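Keep in mind that the numbers below use all heavy atoms, side chains included, and drop hydrogens, waters and symmetry copies. Treat the numbers as computed from the prediction; the structure is a model and nothing was measured.
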Amino acid sequence: MSHLVELSHATKRFVKAGGGTHTAVSDITMTVDPGEFVAVVGPTGCGKSTTLSLVSGLEPPSEGTVQVNGAPVHGIPDGVGYMFQADAMLPWRNVLANVAAGPMWRGVHKSEARAKAMDWIDRVGLAGFEKSYMHQLSGGMRKRVALAQTLVNEPKILLMDEPFSALDVQTRALMQNELLDLWSGTGTAVIFVTHDLEEAIALADRVVVMTASPARIKDDFRINLPRPRNVEELRLTPEFIETYSKIWQSLSSEVETARAQGASRVA
């Protein structure tokens, strides 16, 4: 069976400003299937986001291969949506114009694009705010716009780079539940990068643990928690706590290694 996303021994090196190279990720081999939600965790700065850049085609691998839908990635593949940590909306456009922009850039007629945008604005709970501008919205509302802006294009693969990290705890939990509701049953594959292990477990079918820099895959855990999930209630269950403890045993040593690396660079 062919996988929707397949990285095989992928390594990415960057040229450093002072000369030499920095290896961000090394010998990464992982697969993601349609409809699968995979969370990637690892120490801060280890190279998690670089993995998304390889899948999205924003960066080519230095070694190894990256395939999407059975084809090598050269440039941005069709059917990929990317939700960044920072908002990617245009501040001079209102909510409706921002959400409709993607379909219009893909050649959809303006009236159809606006109709699709209104549908997704309603789905993310922002009906009545379609004429609002970004500065008029709360952080959580802007994240809802970003979700609508990404999902209106009906991606087969959704790449998410710590999209909720700037939100307060309560708003983050609301957005996590919102994401699960919108994703459920779509068949979209999600690769979700986060530094928050609780978030990873609450959302994902699998949690991939990366090592300290340069990032390699250390472990790949299957999350056997039932769906549908309410992330706040799920965190209180013995099954969640047991799963967290098991994965933290793998992740914690990498966090300590990263801290030691950082201390040695400062010294």
**Student:** Atom CG of residue position Asp78 - does it have more than 12 heavy atoms of other residues, nucleotides or ligands inside 6.0 Å?
**Tutor:**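 For Asp78, atom CG is not crowded (no more than 12 foreign heavy atoms under 6.0 Å).
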**Student:** Report yes if the side chains of Arg227 and Phe37 come closer than 4.5 Å at any heavy-atom pair, otherwise no.
**Tutor:**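 When only atoms from C-beta onward are counted, Phe37 and Arg227 do touch, with a gap below 4.5 Å.
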**Student:** Output yes when a side-chain donor or acceptor of Ser245 lies under 3.5 Å from a complementary backbone atom of Glu242, and no otherwise.
**Tutor:**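 Not confirmed, Ser245 side chain does not pair with Glu242 backbone.
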**Student:** Run through Gln85, His195, Lys48 and flag the one making a side chain to side chain donor-acceptor pair (under 3.5 Å) with Glu162.
**Tutor:**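 Considering Gln85, His195, Lys48, a side chain to side chain donor-acceptor pair (under 3.5 Å) with Glu162 is found only for His195.
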**Student:** I need the minimum non-hydrogen distance between Val193 and Pro163, along with the two atoms involved.
**Tutor:**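 Taking every non-hydrogen atom into account, O-CD, 4.4 Å.
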**Student:** Do Val32 and Leu4 have side-chain heavy atoms sitting under 4.5 Å apart?
**Tutor:**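 Side-chain contact under 4.5 Å: no.
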**Student:** Report yes or no: does Ser26 contribute a side-chain atom to a donor-acceptor pair with the main-chain N or O of Thr11 at less than 3.5 Å?
**Tutor:**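 Not a single qualifying donor-acceptor pair exists.
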**Student:** Val68 versus Val55: any side-chain heavy-atom pair under 4.5 Å?
**Tutor:**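 Yes, side chains in contact.
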**Student:** With no hydrogens and no angle check, is any side-chain donor or acceptor of Arg144 less than 3.5 Å from a backbone partner on Gly125?
**Tutor:**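 Between the backbone of Gly125 and the side chain of Arg144 there is no qualifying donor-acceptor contact (under 3.5 Å).
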**Student:** Can you name the one residue among Ile247, Leu203, Asp205 that meets side chain to side chain contact (heavy atoms under 4.5 Å, CB included) with Ile223?
**Tutor:**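 Single side chain to side chain contact (heavy atoms under 4.5 Å, CB included) partner of Ile223 among Ile247, Leu203, Asp205: Ile247.
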**Student:** Is it the case that the side chain of Thr188 and the backbone of Pro155 share a donor-acceptor pair, with hydrogens and angles ignored and the cut-off at 3.5 Å?
**Tutor:**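 Indeed, once roles are kept as given, a pair shorter than 3.5 Å links the two residues.
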**Student:** Working to the nearest 0.5 Å, report the span between CD1 of Ile191 and CG of Leu54.
**Tutor:**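 Going from the CD1 atom of Ile191 to the CG atom of Leu54 covers 10.0 Å.
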**Student:** Between Arg93 (side chain only) and Val99 (backbone N and O only), is there a donor and an acceptor less than 3.5 Å apart?
**Tutor:**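 The answer is no, because no donor-acceptor pair under 3.5 Å joins these two groups.
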**Student:** Are the side chain of Ser62 and the backbone N or O of Arg13 linked by a donor-acceptor pair below 3.5 Å?
**Tutor:**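 A pair under 3.5 Å: yes.
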**Student:** Given 3.5 Å as the limit, does a donor-acceptor pair link the side chain of Asp196 with the main chain of Ser165, or not?
**Tutor:**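 Here the side-chain-to-backbone pair does not exist.
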**Student:** What's the separation between atom CE in Met134 and atom CE in Met141, rounded to the nearest 0.5 Å?
**Tutor:**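 It is 9.5 Å, given to the nearest 0.5 Å.
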**Student:** Mind listing the closest non-hydrogen atom pair of Ile28 and Arg216 along with its distance?
**Tutor:**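 Scanning both residues completely, I find the closest heavy atoms to be CD1-CA, 3.8 Å.
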**Student:** Roughly how far, to the nearest 0.5 Å, is the CG atom of Leu126 from the CG atom of Leu137?
**Tutor:**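 Output value for this atom pair is 7.0 Å.
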**Student:** How far does CG of Leu225 sit from OG1 of Thr243, to the nearest 0.5 angstrom?
**Tutor:**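 Atom-to-atom, Leu225:CG and Thr243:OG1 are 4.5 Å apart.
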**Student:** Going through the distances and angles, do Arg222 and Glu36 end up as a salt bridge (Lys or Arg N to Asp or Glu O under 4.0 Å)?
**Tutor:** CA-CA 11 Å; Arg222 176 69 57 181; Glu36 192 171 30; 3.6 Å; yes
**Student:** Could you tell me whether a side-chain N or O of Ser56 sits under 3.5 Å from a main-chain N or O of Ser53, the two making a donor and an acceptor?
**Tutor:**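 Yes.
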**Student:** As an exercise, state the distance from CD of Glu254 to CD of Glu256, rounded to the nearest 0.5 Å.
**Tutor:**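 If I round to the nearest 0.5 Å, the distance is 10.5 Å.
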**Student:** State whether the number of non-hydrogen atoms from other residues, nucleotides or ligands found under 6.0 Å of Arg114 atom CZ is greater than 12.
**Tutor:**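 Result for CZ/Arg114: open.
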**Student:** For Tyr244, is the OH atom crowded, meaning more than 12 foreign heavy atoms sit under 6.0 Å from it?
**Tutor:**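 Counting other residues, nucleotides and ligands, OH of Tyr244 exceeds 12 neighbours.
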**Student:** Can you name the nearest heavy-atom pair linking Asn177 to Asn230, along with the distance?
**Tutor:**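 Answer, listing the atom of Asn177 first, then Asn230: OD1-CA, 3.5 Å.
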**Student:** How long is the span from the CE atom in Met83 to the NZ atom in Lys143, to the nearest 0.5 Å?
**Tutor:**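 Atom-to-atom, Met83:CE and Lys143:NZ are 5.0 Å apart.
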**Student:** So, Lys218 versus Ser253: side-chain donor-acceptor pair below 3.5 Å or not?
**Tutor:**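 Side-chain D/A pair, Lys218 to Ser253: present.
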**Student:** Excluding sequence neighbours, so at least two apart, what forms side chain to side chain donor-acceptor pair (under 3.5 Å) with Ser111?
**Tutor:**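 So Ser111 forms a side chain to side chain donor-acceptor pair (under 3.5 Å) with His109.
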**Student:** Measure the shortest side-chain to side-chain distance between Met160 and Leu179 over non-hydrogen atoms and say whether it is less than 4.5 angstrom.
**Tutor:**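 Touching, per the 4.5 Å side-chain cut-off.
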**Student:** Is the shortest side-chain heavy-atom distance between Asn69 and Lys156 below 4.5 Å?
**Tutor:**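 Yes - at least one pair of side-chain heavy atoms lies under 4.5 Å apart.
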**Student:** Taking ring pair (Phe, Tyr, Trp, His ring centres under 6.0 Å) as the test, write out the residues that go with Tyr82, two or more places apart.
**Tutor:**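 With neighbours one apart ignored, the set is Phe84.
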